[in-house]
*Asks:* 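Here's a structure for you.
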2 protein chains.
Amino acid sequence: MALKLRKNKAETLPPLCAVGECMVLLGGAWTPNVIWYLSGGARRFGELKSDMPLISAKMLSARLKDMEEKGVVTRTVMPTSPPSVEYALTELGAELVPALKAIVSVGQRLKVRRAEAA
Amino acid sequence: MALKLRKNKAETLPPLCAVGECMVLLGGAWTPNVIWYLSGGARRFGELKSDMPLISAKMLSARLKDMEEKGVVTRTVMPTSPPSVEYALTELGAELVPALKAIVSVGQRLKVRRAEAA
DNA sequence: AAATCTAATTACTTTATGTTACTAAAGAAT
DNA sequence: ATTCTTTAGTAACATAAAGTAATTAGATTT
């Protein structure tokens, strides 16, 4: 067998790829946006809906339910009428915010870059 | 019309939500992983495939094509036989790495946390 | 000549996401 | 008393993305 000049494992990278660990919580359509808007404090269903005009009620509902199951957000029904429901980040959810901030800051640079290119 | 005690816009958050700008490039199944493995230097199709044992050839191929179209990676056919194809991050692709690092570091903390909980 | 290697592609299935319309319950308006 | 409005959804349906398995093609190797 000939010598392989090229490494066949990415040994210079951190031992385990933990991307997946985080992407499970961050993945799924609209999830980053929901976390983003909740990072400013608790918000109600309808408020989140108007923060993201393009999301459908179904998707927002599905995403919030997922996130609740994963322990990223809490859901609190307020005793108003009609009843309103408040969502907030859990401690776990809050841990995702720094990663999201990094994503946003790259996003902003990309935006600037595109504006300059035009 | 009654006074609204609750802000109906998330005004305390940064003016524009740039998450989407970045998620377009980072979104899609396996994309973060591909960027991660390319962040250590150029790699061939088969190498990426074995870096990510669970990805199918079809998905890897599709994702790399997407990423090439979006200007995140370059594709170079090497004049070997059988021909091998080398992929590398572009400058734009490299800009995504810091965000990814933030994601990985959160991922690692989540992993540790789970290990402690068990 | 048959098997192997690399980098795919094709056909098909399953899961995820998106659209539109509708519901339930309470209070306010007519 | 009946209709309208608001909040937080759900149900039925349509499309897009992702996953599986088998196949391709050219150049070695056996």
Side-chain angles (χ1 to χ4, degrees), chain A residues 1-8 19-20 23-34 37-38 42-70 73-88, chain B residues 1-9 19-20 23-35 37-38 42-70 73-88:
Chain A
M1 195 216 268
L3 253 185
K4 283 193 180 177
L5 294 175
R6 171 179 281 268
K7 57 191 179 306
N8 62 359
V19 174
M23 291 309 281
V24 168
L25 301 181
L26 219 51
W30 299 104
T31 305
N33 303 73
V34 172
Y37 287 112
L38 289 181
R43 261 175 116 57
R44 297 188 330 197
F45 186 89
E47 292 174 327
L48 287 170
K49 180 94 177 53
S50 60
D51 286 339
M52 300 172 276
L54 298 178
I55 199 176
S56 67
K58 177 197 162 177
M59 281 309 296
L60 182 52
S61 180
R63 215 42 64 204
L64 287 167
K65 195 183 277 182
D66 280 3
M67 293 169 81
E68 196 193 352
E69 275 163 17
K70 286 173 184 158
V73 303
T74 54
R75 180 180 188 274
T76 315
V77 180
M78 311 297 276
T80 56
S81 104
S84 55
V85 183
E86 208 169 72
Y87 293 91
Chain B
M1 193 214 270
L3 253 185
K4 281 191 182 177
L5 294 175
R6 173 180 278 271
K7 58 191 180 306
N8 62 0
K9 282 180 190 172
V19 174
M23 291 308 281
V24 169
L25 301 180
L26 219 50
W30 300 104
T31 305
N33 304 72
V34 172
I35 294 174
Y37 287 111
L38 289 179
R43 259 175 119 57
R44 297 187 330 195
F45 185 90
E47 291 174 329
L48 287 171
K49 181 94 177 51
S50 58
D51 287 340
M52 299 172 277
L54 298 178
I55 198 177
S56 68
K58 176 198 161 176
M59 281 309 298
L60 181 52
S61 180
R63 215 43 61 205
L64 288 167
K65 193 183 277 183
D66 281 3
M67 292 169 81
E68 195 193 351
E69 275 164 16
K70 286 173 183 157
V73 304
T74 55
R75 179 182 189 273
T76 315
V77 180
M78 312 296 276
T80 58
S81 109
S84 56
V85 184
E86 208 169 73
Y87 294 91

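For the numbers below, each heavy atom of this structure counts, side chains included, while hydrogens, waters and symmetry mates do not. Throughout, a chain's letter reflects where its sequence line sits, starting with A, and its residues are numbered from 1.
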*Asks:* Of the nucleotides C:dC5, D:dG9, D:dG19, which has the atom closest to the A:Phe45 side chain?
*Replies:* D:dG9
*Asks:* Do the side-chain N or O atoms of B:Arg63 get closer than 4.0 angstrom to the phosphate oxygens (OP1, OP2) of D:dA18?
*Replies:* yes
*Asks:* How many whole angstroms separate atom CH2 of B:Trp30 from atom P of D:dG19?
*Replies:* 7 Å
*Asks:* If I take atom CZ in residue B:Arg43 and atom C1' in nucleotide C:dT6, what distance separates them, rounded to the nearest angstrom?
*Replies:* 15 Å
*Asks:* Rounded to the nearest 0.5 Å, how far does CH2 of B:Trp30 lie from CZ of B:Arg63?
*Replies:* 11.0 Å
*Asks:* Could you measure the distance from the OH atom of B:Tyr37 to the CZ atom of B:Arg43? Nearest 0.5 Å is fine.
*Replies:* 9.0 Å
*Asks:* Nearest to the side chain of A:Ser61, heavy atoms from C-beta on, is which of D:dA18, C:dT20, D:dG9?
*Replies:* D:dG9
*Asks:* Between D:dG19, C:dC5, D:dA18, which one does the side chain of B:Pro82 approach most closely?
*Replies:* C:dC5
*Asks:* Any idea which of C:dA8, C:dG27, D:dA18 is nearest the B:Ala29 side chain?
*Replies:* D:dA18
*Asks:* Counting only side-chain heavy atoms from C-beta out, which of D:dG9, C:dT10, C:dG18 sits nearest to B:Lys58?
*Replies:* C:dT10
*Asks:* The side chain of B:Ala57 is closest to which nucleotide in this list: D:dT10, C:dA8, D:dT7?
*Replies:* C:dA8
*Asks:* Looking at A:Tyr87, does any N or O in its side chain come under 4.0 Å of the phosphate oxygens OP1/OP2 on D:dG9?
*Replies:* yes
*Asks:* How many whole angstroms separate atom CD of B:Glu86 from atom P of C:dA8?
*Replies:* 12 Å
*Asks:* How close or far is atom C1' of C:dA8 from atom CD1 of B:Ile55, stated in whole angstroms?
*Replies:* 13 Å
*Asks:* Nearest 0.5 Å, please: how far is OG1 in B:Thr31 from CE in A:Met23?
*Replies:* 8.5 Å
*Asks:* Give the rounded distance in Å between these two atoms: CG of B:Leu64 and P of C:dT6.
*Replies:* 16 Å
*Asks:* Taking B:Pro82's backbone N and O only, do any of them form a donor-acceptor pair with B:Thr80's side chain (distance below 3.5 Å, no angle check)?
*Replies:* yes
*Asks:* Calculate, to the nearest 0.5 Å, the distance between atoms CD1 and CG belonging to A:Ile55 and A:Leu48 respectively.
*Replies:* 8.5 Å
*Asks:* Among the candidates D:dT7, C:dT19, C:dT17, find the nucleotide nearest to the side-chain atoms of A:Arg44.
*Replies:* D:dT7
*Asks:* Pick the closest DNA chain C nucleotide for A:Leu54 and for A:Pro83 by heavy atoms, then say which residue is nearer the 5' end.
*Replies:* A:Leu54
*Asks:* Please report, rounded to the nearest Å, how far the P atom of D:dA27 is from the CE atom of B:Met78.
*Replies:* 18 Å
*Asks:* Can you measure A:Lys65 atom NZ to D:dT10 atom C1' for me and round it to whole angstrom units?
*Replies:* 9 Å
*Asks:* Would you mind telling me which of C:dA8, D:dA18, D:dA8 lies closest to the side-chain atoms of A:Ser84?
*Replies:* D:dA8
*Asks:* Whole-Å distance between C:dA16 P and A:Met59 CE?
*Replies:* 10 Å
